[in-house]
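Worksheet for the structure shown next.
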Protein chains: 2
Amino acid sequence: MNHVKQAKRTTIYDLAELAGTSASAVSAVLNGNWKKRRISSQLAEKIMKIAEEQGYALNMQASLLRREKSHIIGMIVPKYDNRYFGSIVELFEDMARARGLFPIITCTRRDPELEIEAARTMLSYQVECLIATGATDPDRITEMCAAAGVRSLNLDLPGALAPSIISDNFAGARELTRRILVNCERRLGKKGPLLFIGGRGSDHNTAERIRGFRAAHSDLGLAVAEEHILACGYAPEKAEKALDDLALKGDANVGGMFVNSTISLEGVMRWVRRSGHLNDDSLVLGCFDWDPFVSLLGNEIEMVRQDVPEMLKKVFEVIESGVSKPVVIQVPPLIPQM
Amino acid sequence: MNHVKQAKRTTIYDLAELAGTSASAVSAVLNGNWKKRRISSQLAEKIMKIAEEQGYALNMQASLLRREKSHIIGMIVPKYDNRYFGSIVELFEDMARARGLFPIITCTRRDPELEIEAARTMLSYQVECLIATGATDPDRITEMCAAAGVRSLNLDLPGALAPSIISDNFAGARELTRRILVNCERRLGKKGPLLFIGGRGSDHNTAERIRGFRAAHSDLGLAVAEEHILACGYAPEKAEKALDDLALKGDANVGGMFVNSTISLEGVMRWVRRSGHLNDDSLVLGCFDWDPFVSLLGNEIEMVRQDVPEMLKKVFEVIESGVSKPVVIQVPPLIPQM
DNA sequence: CAAGCTTGCTCAATCGATGAAGCAAGAATT
DNA sequence: AATTCTTGCTTCATCGATTGAGCAAGCTTG
């Protein structure tokens with residue numbers, strides 16, 4: 001490798017000069033189709049050796065400008081602060097690379113403005129496909145992509161204009177609620193009442209989970225009080241405050257809680273600690289999402305773990321099949337044996 | 001926005017034709033320096049209107065090919081499975097964007113091969129600067145970057161060839177160890193013995209933390225048994241197995257543990273549960289790294305939280321100052337009041 | 001030995017955006 | 001009226017890699 005400080009980066013023209021050949025021969029050798037272009041293996045080896053020596057790195061911008069396909073696949077993701085999105089990103093990168101694609105990922109912090117901005121930037125980078133994960137306004141992104149002739153896909157939260165791969169939130173929430181109720185019965189001798197806490201009432205997943213929460217109640221002939229549905233947002237502080245407010249109203253007669261994300265669970269646990277519920281098992285918890293430490297918290301918190309590998313498998317299946325109709329594919333979440 | 005399915009994406013030439021002007025006028029208007037190029041505001045407005053209507057998105061590859069600077073900043077990161085790296089990535093993206101840079105991040109799963117591969121790809125994308133976070137072989141990456149005339153920087157783990165921003169692992173570990181020993185005294189009536197578990201003996205951070213661990217012991221006139229230093233790797237299973245092996249050797253007389261990451265703590269906690277140490281407070285724990293749920297675990301686990309905002313602030317200071325000498329900047333971690 | 005084929009290359013146009021240089025028309029100055 | 005200045009554009013080369021077309025030299029074949 002050449003350790004001389006160089007102002008300009010090495011190009012195929014530099015290599016061509018060094019090898020006493022043409023840039024097109026160098027290009028053919030370095031991008032691998034030199035056999036097709038009938039370059040002798042002697043010249044090929046010579047060029048590859050020189051490229052190695054010079055520490056040559058392809059100028060992707062020039063290459064992509066000329067080529068028809070970019071092989072770039074984009075993903076926008078709301079946050080990196082939980083295992084769910086963390087594993088989505090990690091596995092997505094892996095699967096993309098395994099398919100010869102270059103993944104670019106950007107985090108939009110649940111900010112609709114930033115989502116649009118990020119999508120536009122991804123389009124500028126000529127992504128072949130954009131996956132909008134947990135987007136607040138997925139259809140807007142789909143429209144932007146469609147205008148640029150780029151396919152898009154929704155993950156985690158569905159949209160009306162592009163294929164969506166989401167968890168089966170209804171079934172997952174119904175089963176989780178059933179388990180919380182069973183645990184209530186077992187540990188407290190009564191079925192609830194339960195609180196639903198966390199998430200945005202306006203997002204599809206939260207709405208479906210609330211529907212599952214209600215269905216599990218009605219399966220057992222139980223009623224759900226409206227004031228026990230607290231779609232207060234995802235942030236820990238919001239969950240904590242919602243519980244404080246509820247306690248102020250004197251409505252502290254709660255047997256268990258359905259917590260709608262690990263992030264909200266942080267706030268719930270903080271509130272639980274403050275209000276002294278710690279180890280007395282007087283509060284039965286369930287969480288829609290998984291975190292390794294939560295299972296160690298000691299309150300026997302039930303968790304529903306979204307099936308990220310399966311979801312991403314579907315994502316790539318949809319991409320590879322070329323489907324762009326707005327179907328919704330629901331993936332059953334993983335629920336551990338009771 | 002134009003919703004007609006288009007085979008080709010709109011270019012400045014298309015816009016120029018529609019506006020009855022030249023491509024360079026369109027370019028000047030859209031990249032904002034039309035005043036400098038003396039384009040009339042009438043034409044500018046007309047062009048911007050048409051661009052909007054057509055849903056035009058810049059071809060970044062073409063733009064970058066022509067421009068001298070890419071404004072792309074790259075980061076490689078080992079994992080997304082913990083809060084430390086998650087917050088690094090999230091904040092890095094934010095700070096990069098605030099500086100008009102486009103961040104591209106890729107996860108290399110602590111795989112040295114993948115690190116090199118990722119670095120090469122980033123160079124192909126013409127990054128102006130590459131930040132190697134927690135890299136197993138940072139110097140190799142620095143060499144590659146230097147050969148391409150690209151600056152690089154190490155974060156979390158130091159290298160010998162580029163500026164490094166890392167936590168003050170020695171001081172953090174010394175204080176954490178001191179606290180674990182104090183808690184041992186208070187809760188068990190004896191100072192240890194402590195176990196050090198997790199991390200790689202070969203990495204700088206682990207070595208420094210072991211040094212801090214030893215220093216805190218010697219501060220109190222205590223000895224550390226060699227067999228109580230278990231740098232068994234980061235994965236939870238490895239920590240779990242290391243503890244099993246130790247127990248098999250009959251060496252279960254341990255008062256507390258210094259756990260060298262939240263990831264290792266997962267394994268430790270699993271082992272603790274299995275071996276029945278759960279709520280009896282007979283094991284005093286401390287963890288070098290922070291996780292919100294760990295503070296809720298109930299075993300009064302001490303944590304050292306690395307100061308990510310300060311570290312990234314230093315990262316950008318170094319970048320902006322143009323320093324490329326291999327200095328090591330140590331950032332004190334945050335340790336909550338006792 | 002002429003005509004055709006194969007091998008191993010080179011030439012030159014191209015991708016889309018950029019910006020230095022240039023040019024025409026009108027305004028201002030002498 | 002002649003000259004210079006200003007305004008508001010356009011033209012064209014360029015960035016580096018790619019690829020269809022082309023070409024020369026050697027090899028076959030009838």
Side-chain angles (χ1 to χ4, degrees), chain A residues 6-48 51 54 56-72 121 123-126 128 148-149, chain B residues 6-48 51 54 56-72 121 123-126 128 148-149:
Chain A
Q6 43 199 162
K8 288 263 170 262
R9 301 187 45 176
T10 311
T11 70
I12 53 170
Y13 298 93
D14 303 328
L15 298 181
E17 192 152 336
L18 286 166
T21 181
S22 71
S24 71
V26 174
S27 170
V29 168
L30 296 179
N31 68 26
N33 58 4
W34 51 279
K35 296 211 164 167
K36 207 189 320 179
R37 299 206 35 129
R38 295 184 311 209
I39 307 291
S40 67
S41 41
Q42 293 165 47
L43 182 57
E45 268 170 46
K46 182 177 178 188
I47 288 173
M48 290 192 287
Q54 298 297 314
Y56 171 78
L58 176 71
N59 182 325
M60 199 59 89
Q61 267 76 45
S63 176
L64 290 182
L65 177 58
R66 190 62 229 280
R67 290 199 319 234
E68 68 305 347
K69 310 201 80 188
S70 73
H71 299 298
I72 301 179
T121 308
L123 289 177
S124 289
Y125 279 92
Q126 314 296 110
E128 285 175 19
Chain B
Q6 44 199 161
K8 288 264 171 261
R9 300 189 43 179
T10 311
T11 70
I12 52 169
Y13 298 93
D14 303 328
L15 298 181
E17 192 152 336
L18 286 167
T21 180
S22 71
S24 76
V26 173
S27 170
V29 169
L30 295 179
N31 68 26
N33 57 4
W34 51 280
K35 297 211 165 171
K36 208 187 323 177
R37 309 257 329 251
R38 296 186 308 210
I39 307 291
S40 67
S41 42
Q42 293 164 46
L43 182 57
E45 268 170 46
K46 182 176 178 187
I47 288 173
M48 289 193 286
Q54 300 295 312
Y56 172 79
L58 176 72
N59 183 325
M60 198 60 90
Q61 266 76 45
S63 177
L64 290 181
L65 177 57
R66 190 61 228 282
R67 293 201 314 238
E68 71 302 351
K69 309 199 82 186
S70 74
H71 299 297
I72 300 180
T121 308
L123 289 177
S124 289
Y125 280 92
Q126 313 296 110
E128 283 176 19

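First the proteins, then the strands, lettered A, B, ... as listed; each starts at 1. Just so we're clear, the structure is a prediction, and the values are computed from it rather than from any experiment.
- As judged by a 4.0 angstrom heavy-atom cut-off over every strand, A/Leu58 is placed among residues touching the sugar-phosphate backbone only.
- Using a distance-only test at 3.5 Å, with no hydrogens or angles considered, a donor-acceptor pair links the side chain of B/Ser124 to the main chain of A/Leu58.
- No side-chain donor-acceptor contact under 3.5 Å links A/Arg9 to the backbone of A/Asn59.
- Residue A/Leu123 contributes atom CG, which lies 14 Å from atom P of C/dA17 at whole-angstrom precision.
- Partners of A/Tyr125 under the ring pair (Phe, Tyr, Trp, His ring centres under 6.0 Å) rule, at least two apart in sequence or in another chain, are B/Phe102.
- Rounded to whole angstrom, the span from the CG atom of B/Leu64 across to the P atom of D/dG16 amounts to 13 Å.
- Under the salt bridge (charged side-chain N to carboxylate O under 4.0 Å, His left out) criterion, A/Lys69 pairs with A/Glu128, not counting sequence neighbours.
- Atoms CD (B/Glu45) and P (D/dC9) sit 13 Å apart, rounded to a whole Å.
- The interatomic distance linking B/Ile12 (CD1) with D/dC12 (C1') rounds to 13 Å, in whole Å.
- The OG atom of B/Ser70 sits 9.5 Å away from atom CD of B/Glu68, with the distance rounded to the nearest 0.5 Å.
- Proximity of residues 26-36 of chain A to DNA chain D (heavy atom under 4.0 angstrom from any strand atom) is restricted to A/Ser27, A/Asn31, A/Asn33.
- One atom, CD of B/Glu68, and another, C1' of D/dC15, lie 11 Å apart when rounded to the nearest Å.
- In terms of phosphate contacts, A/Tyr56 brings a side-chain nitrogen or oxygen within less than 4.0 Å of OP1 or OP2 of D/dA17.
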Compile the donor-acceptor pairs under 3.5 Å between side chains in residues 25-33 of chain A and protein atoms, sequence neighbours left out, one pair per line.
| from | atom 1 | to | atom 2 | distance (Å) |
| --- | --- | --- | --- | --- |
| A/Asn31 | OD1 | A/Asn33 | N | 3.4 |
| A/Asn31 | ND2 | A/Ser27 | O | 3.4 |

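- The CG atom of B/Leu15 sits 14 Å away from the P atom of D/dT10 (whole-angstrom rounding).
- Looking at heavy atoms from C-beta onward, A/Asp14 lies out of side-chain contact with A/Gln54 at the 4.5 angstrom threshold.
- Taking the side chain to side chain donor-acceptor pair (under 3.5 Å) definition, one finds that A/Gln61 meets it with nothing, sequence neighbours left out.
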Mind listing the N/O atom pairs, protein and nucleotides 6-11 of chain C, below 3.5 Å?
| from | atom 1 | to | atom 2 | distance (Å) |
| --- | --- | --- | --- | --- |
| C/dG8 | N7 | A/Arg38 | NE | 3.0 |
| C/dG8 | N7 | A/Arg38 | NH2 | 3.3 |
| C/dG8 | O6 | A/Arg38 | NH2 | 2.9 |
| C/dC9 | OP2 | A/Ser40 | N | 2.5 |
| C/dC9 | OP2 | A/Ser40 | OG | 2.5 |
| C/dT10 | OP1 | A/Thr21 | OG1 | 3.1 |
| C/dT10 | OP1 | A/Ser22 | N | 3.2 |
| C/dT10 | OP2 | A/Thr21 | OG1 | 2.9 |
| C/dT10 | OP2 | A/Ser22 | N | 3.1 |
| C/dT10 | OP2 | A/Ser22 | OG | 2.5 |
| C/dT10 | O4 | A/Arg37 | NH2 | 3.2 |
| C/dC11 | N4 | A/Ser24 | OG | 3.1 |

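- Rounding to whole angstrom units, CD of residue B/Gln61 and P of D/dA17 are separated by 14 Å.
- Each of D/dC15, C/dA17, D/dA17 was ranked by its minimum atom distance to the side chain of B/Leu65; first place goes to D/dC15.
- Between A/Ile39 and A/Ala44, the shortest heavy-atom distance links the atoms CG2-N, 4.3 Å.
- The distance between atom CE of B/Met60 and atom C1' of C/dG16, rounded to the nearest whole Å, is 13 Å.
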